Amino acid sequence: MIRDQDTQRLLLDTVTRFVRERLIPAEEEVAETDRIPDAIVAEMREIGFFGLTVPEAYGGFGLTMEEEVELTFELTRASPAFRSIMGTNNGIGSQGIVIDGTPEQKDKWLPRLASGELIGSFALTEPGSGSDAASLTTTAKLDGDVYVVNGTKRYITNAPEAGLFTLMARTDPAQKGAAGVSAFIVEAGSPGITVGKPDRKMGQRGAHTADVIFENCRVPVGNLIGGREGQGFKTAMKVLDKGRLTIGAACVGAASRMLDDTLAYTLSRKQFGEPIANFQLIQAMLADSQAELYAARSMIVDAARRRDDGQDVSIHASCCKMFASEMCGRVADRCVQAHGGAGYISDYPIERFFRDVRLFRIYEGTTQIQQLIIGRALAKRGSAMTY
Ligand code: COS
């Protein structure tokens with residue numbers, strides 16, 4: 001749902017200009033220094049990028065899902081690291097509170113996430129619990145008016161920058177699965193929290209992940225999301241349903257950038273006396289990429305509209321995340337191929353994007369987990385989803 005076409009157009013224009021004038025020119029520096037310049041982060045705060053999805057009542061823009069994916073298509077034409085720094089505040093780092101938080105929790109934390117004063121982070125994965133998220137072993141033991149948290153979280157996006165974690169921990173050790181898990185809001189500066197060294201990743205330099213270790217960290221009972229134990233796994237899944245739509249949109253943005261760069265290259269590169277874009281075998285790669293890009297974009301907009309309409313889009317979100325991230329991987333591969341030797345040289349952005357987009361098929365649920373979610377749902381229904 002687009003609430004107001006004029007406002008949306010204005011916002012999209014702002015993002016498009018910011019991407020063209022500020023983000024793309026800074027990509028090289030970010031890749032070299034592994035850091036987004038402070039001035040750019042400050043501008044992002046000023047424009048309101050950290051609060052895009054936080055409701056207006058708490059200082060955000062309160063974008064609908066359709067508005068958000070449209071904006072993400074534009075924003076992610078620049079390196080994924082730029083989205084990552086503000087992505088958790090708009091997605092997995094805030095939505096637990098937005099979706100399931102109590103009014104007091106919303107009042108206390110959402111304005112600070114919306115302004116970008118705090119960076120939010122989502123702590124679910126552990127050394128022994130990745131795809132099987134319900135098997136997590138971090139514990140939160142009630143002791144008077146605090147929960148005492150112990151455990152290690154792994155590959156936590158924005159952990160080095162985080163001011164606030166949405167933490168999933170087991171409050172009922174007798175319940176081994178999802179039912180024993182609760183979600184908490186944990187301030188990063190709390191005693192008993194250690195953030196590990198940033199991981200050395202294949203790509204996405206400028207976006208950081210790290211371990212977060214909890215040792216007898218005392219979390220006030222008031223920070224239990226929704227005020228009820230045993231709901232944390234469901235909160236995490238709801239957050240991921242939304243996150244998977246946004247990742248799908250990020251795949252569309254990255255693929256459209258890669259295709260544009262490749263078009264520019266193939267139109268300027270001459271072989272056999274003419275631009276290689278004139279050759280049918282190159283055109284086949286461009287055409288396949290364009291068609292798949294269009295398909296991914298269309299399904300994401302459809303799923304976003306359904307979510308705005310109040311429908312359960314869990315299956316749609318998995319379809320979008322799976323198709324769009326795999327599409328993005330295929331586009332990246334074809335674009336490197338169309339660049340020839342230049343595609344393997346780091347002077348060209350495609351070499352960097354090829355590494356950066358590999359993560360899309362892994363985080364917020366691997367392709368195989370999306371297959372499992374879709375396949376299970378179909379087996380339960382006994383019929384195809386008709387739209
Ligand atoms: N929305 C709301 N509730 C959900 C839900 C969703 N999308 N998905 C599952 N649930 C609920 C189920 O209804 C069930 O509740 P009941 O017991 O009351 O019926 C409970 O959560 C457990 O669900 P389920 O039995 O499906 O859990 P599984 O352990 O089988 O795990 C998968 C499901 C594999 C889908 C889940 O663990 C997953 O998504 N793993 C990937 C995690 C991931 O994406 N990690 C990335 C890192 S975070 S960036």
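Since the structure is predicted, the reported quantities are computational estimates derived from the model, not experimental observations.
Expressed to the nearest 0.5 Å, how far CE of Met258 lies from CZ of Phe354 amounts to 9.5 Å. Between Arg361 atom CZ and Thr366 atom OG1 the span is 11.0 Å, to the nearest 0.5 Å. Taking CG from Asn216 and NZ from Lys141, the interatomic distance works out to 10.0 Å, rounded to the nearest 0.5 Å. Taking OG1 from Thr53 and CG from Asn90, the interatomic distance works out to 4.0 Å, rounded to the nearest 0.5 Å. Interatomic distance, CE of Met299 versus CG of Leu245, reported as 9.5 Å (0.5 Å rounding). The line from CG of Asp211 to NZ of Lys197 is 11.5 Å long, rounded to the nearest 0.5 Å.
Under the salt bridge (charged side-chain N to carboxylate O under 4.0 Å, His left out) criterion, Arg83 pairs with no residue, sequence neighbours left out. Applying the salt bridge (charged side-chain N to carboxylate O under 4.0 Å, His left out) test to Glu117 and every residue at least two apart in sequence or in another chain returns Arg112. In this structure Glu74 satisfies the salt bridge (charged side-chain N to carboxylate O under 4.0 Å, His left out) test with no other residue, sequence neighbours excluded. By the side chain to side chain donor-acceptor pair (under 3.5 Å) test, Arg257 is found to be paired with Glu27, Asp261, residues two or more places apart in sequence or in another chain being considered. With sequence neighbours left out, Glu364 forms a salt bridge (charged side-chain N to carboxylate O under 4.0 Å, His left out) with no residue at all.
Taking each heavy atom of Gly48 and Phe61 in turn, the nearest pair found is O-CE1, 3.4 Å. Nearest heavy atom pair, residue Thr138 against residue Gly151, reads OG1-CA, 3.6 Å. Nearest heavy atoms, Ala140 versus Ala169: CB-CB, 3.9 Å. Contact record, Ser135 with Gly128: OG-O, 4.2 Å, taken as the closest heavy-atom pair. Shown here for Phe353 and Ala78, the closest heavy-atom pair between the two residues is CZ-C, 4.0 Å. In this structure, Arg307 and Met65 approach most closely via the heavy-atom pair CD-SD, 3.8 Å.
Sparse packing is recorded around CZ of Arg200, with 12 or fewer heavy atoms of other residues, nucleotides or ligands lying under 6.0 Å away. Counting non-hydrogen atoms of neighbouring residues, nucleotides and ligands closer than 6.0 angstrom, the CD atom of Glu274 exceeds 12 such neighbours. Heavy atoms from other residues, nucleotides or ligands lying under 6.0 Å from CZ of Phe323 number more than 12. Within 6.0 Å of atom CZ in Arg3, more than 12 heavy atoms from other residues, nucleotides or ligands are found, so the atom counts as buried in its surroundings. Annotation: Gln337, atom CD; neighbour count of heavy atoms from other residues, nucleotides and ligands within 6.0 Å does not exceed 12.
Taking a cutoff of 4.0 Å between a charged side-chain nitrogen and a carboxylate oxygen, Glu126 and Arg154 do not qualify as a salt bridge. Ion pairing between Asp13 and Arg9 holds under the 4.0 Å rule for side-chain N and carboxylate O.
The closest side-chain heavy-atom distance from Trp109 to Glu187 is below 4.5 Å. Phe82 is not listed as a side-chain neighbour of Leu75, based on a closest heavy-atom distance of 4.5 Å or more. In this structure the side chain of His316 never reaches within 4.5 angstrom of the side chain of Cys319, judged on heavy atoms. Residues Glu351 and Val336 form no side-chain contact, since every pair of their non-hydrogen atoms from C-beta on lies 4.5 Å or further apart. A heavy-atom distance below 4.5 Å is not found between the side chains of Phe122 and Asn158.
Side-chain atoms of Thr367 and Glu326 include a donor-acceptor pair closer than 3.5 Å. Using a 3.5 Å distance cut-off with no hydrogens or angles, the side chains of Ser190 and Arg218 do not pair a donor with an acceptor.
Applying the ring-ring contact (aromatic ring centres under 6.0 Å, His included) test to pairs two or more places apart or on separate chains, those with a residue in residues 164-196 are Tyr147-Phe184. Residues in residues 26-48 take part in no ring-ring contact (aromatic ring centres under 6.0 Å, His included) pair, two or more places apart or across chains. Here salt bridge (Lys or Arg N to Asp or Glu O under 4.0 Å) pairs that include residues 157-186, with residues two or more places apart or in two chains, number zero. Residue pairs that meet the ring-ring contact (aromatic ring centres under 6.0 Å, His included) test with at least one member in residues 204-235, sequence neighbours left out, do not exist here. Residue pairs meeting the ring-ring contact (aromatic ring centres under 6.0 Å, His included) criterion with at least one member in residues 1-37, sequence neighbours excluded, are Phe18-Phe49.
Across Val212, Thr88, Leu167, a single residue satisfies side-chain contact (heavy atoms from CB on, under 4.5 Å) together with Ile156, and that is Val212. With Val186 as the partner, the side-chain contact (heavy atoms from CB on, under 4.5 Å) test is satisfied by one option alone out of Leu164, Ile193, Thr166: Ile193.
Classification of the His339-Tyr265 ring pair by plane angle, with boundaries at 30° and 60°, yields parallel.
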Take Asp288 and Arg330 through the test salt bridge (Lys or Arg N to Asp or Glu O under 4.0 Å) and record every step on the way to the result.
-> CA-CA 9 Å; Asp288 286 352; Arg330 288 190 293 271; over 6 Å; no

Working for salt bridge (Lys or Arg N to Asp or Glu O under 4.0 Å), residues Asp309 and Arg305 = CA-CA 6 Å; Asp309 199 32; Arg305 286 182 181 154; over 6 Å; no

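Of the possible polar contacts, none joining the Gln231 side chain to the Ala183 backbone as a donor-acceptor pair under 3.5 Å is found. A donor-acceptor distance shorter than 3.5 angstrom exists from the side chain of Asn89 to the backbone of Leu113, with no hydrogens or angles considered. In terms of modelled atom types and a separation under 3.5 Å, the side chain of Ser121 and the main chain of Thr157 share a donor-acceptor contact. A donor-acceptor pair is defined here as one N or O able to donate and one able to accept, closer than 3.5 Å; no such pair exists between the side chain of Glu68 and the backbone of Leu52.
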Show me the side-chain donor-acceptor pairs of residues 96-105 shorter than 3.5 Å, one per line, residues at least two apart or across chains.
{"residue": "Asp100", "atom": "OD1", "partner": "Lys238", "partner atom": "NZ", "Å": "3.1"}
{"residue": "Asp100", "atom": "OD2", "partner": "Thr235", "partner atom": "OG1", "Å": "2.7"}
{"residue": "Asp100", "atom": "OD2", "partner": "Lys238", "partner atom": "NZ", "Å": "3.1"}
{"residue": "Thr102", "atom": "OG1", "partner": "Glu104", "partner atom": "OE1", "Å": "3.4"}
{"residue": "Thr102", "atom": "OG1", "partner": "Gln105", "partner atom": "N", "Å": "3.1"}
{"residue": "Thr102", "atom": "OG1", "partner": "Gln105", "partner atom": "OE1", "Å": "3.4"}
{"residue": "Gln105", "atom": "OE1", "partner": "Thr102", "partner atom": "N", "Å": "2.9"}
{"residue": "Gln105", "atom": "OE1", "partner": "Gly226", "partner atom": "N", "Å": "3.2"}
{"residue": "Gln105", "atom": "NE2", "partner": "Gly222", "partner atom": "O", "Å": "2.9"}
{"residue": "Gln105", "atom": "NE2", "partner": "Leu224", "partner atom": "O", "Å": "2.7"}

Name the atoms and distances for all side-chain donor-acceptor pairs under 3.5 Å in residues 36-45, with sequence neighbours left out.
{"residue": "Asp38", "atom": "OD1", "partner": "Arg35", "partner atom": "NH2", "Å": "2.6"}
{"residue": "Asp38", "atom": "OD2", "partner": "Arg35", "partner atom": "NH2", "Å": "3.2"}
{"residue": "Glu43", "atom": "OE1", "partner": "Arg22", "partner atom": "NE", "Å": "3.1"}
{"residue": "Glu43", "atom": "OE2", "partner": "Arg22", "partner atom": "NE", "Å": "2.9"}
{"residue": "Glu43", "atom": "OE2", "partner": "Arg22", "partner atom": "NH2", "Å": "2.6"}
{"residue": "Arg45", "atom": "NE", "partner": "Gly116", "partner atom": "O", "Å": "2.8"}
{"residue": "Arg45", "atom": "NH2", "partner": "Gly116", "partner atom": "O", "Å": "3.2"}

